[in-house]
Structures are given as structure tokens and as C-alpha cells.
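Atoms considered below: every heavy atom in the structure, side chains included; atoms not considered: hydrogens, waters and symmetry mates.
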Amino acid sequence: MSDPREGLTVTHRRYIPYSHAHYAGNLVDGAYVLALFGDVATEVSIRADGDEGLFASYSDVQFRAPVRAGDVLETVATVVRAGRRSRVMEFEARVVCRGRPDKGESAAEVLAEPIVAVTATGTVVVPPPGA
């Protein structure tokens, strides 16, 4: 019998401010996206276990496309395996809106197809009941 927490999915969206640009071309460093994965994993843990949990490890992280200041980034976490105290989650960060400085200083657009920027698999642990 599968655990009812498996398949639980939480989605966050966040505008990436220009103050977070770290490299030329307004690129945002990968650690910023990993922090967003931590935020969405925390909500998954609260919903699944009534506890914020603790991020233990990543088993895989893939940086697939650039994230830029001015993007709207959607981060998704899904529980794929629930153990007694651990939850394995898959993460995906997608750019759903992007700035268009070629059309004007504040121009931006909703992308017809989101750009998958980062994927990851990670493990969160929660304390045993009553701890």
C-alpha cells in the first residue's frame, strides 16, 4: 500500500528582483534556486507531517537553463517516496515570465511554454512523532 503523502505537490511562484542578479547578463546564481527549493520543501513538510522538517541532502541537481533577474520562477516539489522519517522529493524550477529589455526598460512577457531551468531530487527528514 502506498503512503498517502506520496504525490503531494506544492507550487510557489516568485518574481526574481534585479538585486539578486549575480553575474553578467543579469544571471542569478544557482544557489538562489536551491533556496527556493528549500522553501517549497518546507511547505510540503508542513502539509505532510505538521513539521517544517530538515533538508538532509540532494542526490541530483541539474542546471538546465539560465535564471535571470526579472523572471517569474515557479518552483514545484512533489513527494515521490515517504519513509518512516524521510521524504524524497523531486523539484522543478520553471521560468514562466521573462523580462524583455529589448522592447523597453520594464517590458516583460508571459512565456507560451515555461522554460525548465533547474531540476533536483532531495531528501527531507522529519522528527519522529512526539519528539
message: Return the OG1 to CZ distance between T78 and R87, rounded to the nearest 0.5 Å.
response: 15.0 Å
task: Using a cut-off of 6.0 Å, state whether more than 12 heavy atoms not belonging to R81 lie near its atom CZ.
output: no
message: Applying ring pair (Phe, Tyr, Trp, His ring centres under 6.0 Å) as the test, list every pair that has at least one member in residues 74-96; sequence neighbours left out.
response: F37-F91, F55-F91
task: Just grab all the salt bridge (charged side-chain N to carboxylate O under 4.0 Å, His left out) pairs involving residues 8-37, residues at least two apart or on different chains.
output: R13-E74, R14-D39
Same cluster (ILVMFWY, side-chain, under 4.5 Å), L36 and V67: yes
- request: Could you tell me the separation between the OG1 atom of T42 and the NE2 atom of H12, rounded to the nearest 0.5 Å?
  value: 8.5 Å
field: Set of residues satisfying side chain to side chain contact (heavy atoms under 4.5 Å, CB included) with respect to L27, sequence neighbours excluded
entry: Y23, P66, R68
Single-linkage hydrophobic cluster, 4.5 Å side-chain cutoff, L111 and V33 together: yes
- request: For D49 and D51, indicate whether the former's side chain and the latter's backbone hold a donor-acceptor pair under 3.5 Å.
  value: no
message: Could you walk me through whether V118 and V61 satisfy the side chain to side chain contact (heavy atoms under 4.5 Å, CB included) test, starting with their C-alpha distance in whole Å, then the side-chain angles of each, then the deciding distance to 0.1 Å, before giving a yes or no?
response: CA-CA 7 Å; V118 184; V61 176; 4.3 Å; yes
task: Please indicate whether E6 has more than 12 foreign heavy atoms, meaning atoms of other residues, nucleotides or ligands, lying under 6.0 Å from its CD.
output: yes
Pairs touching residues 63-87 that satisfy ring pair (Phe, Tyr, Trp, His ring centres under 6.0 Å), sequence neighbours left out: none
- request: Report the distance from atom OG1 of T9 to atom CZ of R47, rounding to the nearest 0.5 Å.
  value: 11.5 Å
query: Hey, is CD on E109 packed in by over 12 heavy atoms from elsewhere, all under 6.0 Å?
result: yes
Solution key, residues 119-129 side-chain donor-acceptor pairs under 3.5 Å, sequence neighbours excluded:
| unit_1 | atom_1 | unit_2 | atom_2 | d |
| --- | --- | --- | --- | --- |
| T119 | OG1 | R64 | NE | 2.9 |
| T119 | OG1 | R64 | NH2 | 3.2 |

- prompt: How long is the span from the OG1 atom in T75 to the CG atom in L34, to the nearest 0.5 Å?
  reply: 11.5 Å
Spacing of CG belonging to L54 relative to OG belonging to S86, to within rounding of 0.5 Å: 12.5 Å
- request: Scan residues 97-121 for pairs that pass ring pair (Phe, Tyr, Trp, His ring centres under 6.0 Å), counting only residues two or more places apart or in two chains.
  value: none
task: Locate the shortest heavy-atom distance separating L8 from V44; write the atom from each residue and the value.
output: CD2-O, 3.8 Å
query: Between P17 and A69, what is the shortest heavy-atom contact and its length?
result: O-CB, 3.7 Å
message: If I compare all heavy atoms of M89 with all of S45, which pair ends up nearest, and what's the gap?
response: CE-OG, 4.0 Å
statement: Rounding to 0.5 Å, atoms CZ (R94) and CG (D71) come to a distance of 14.0 Å
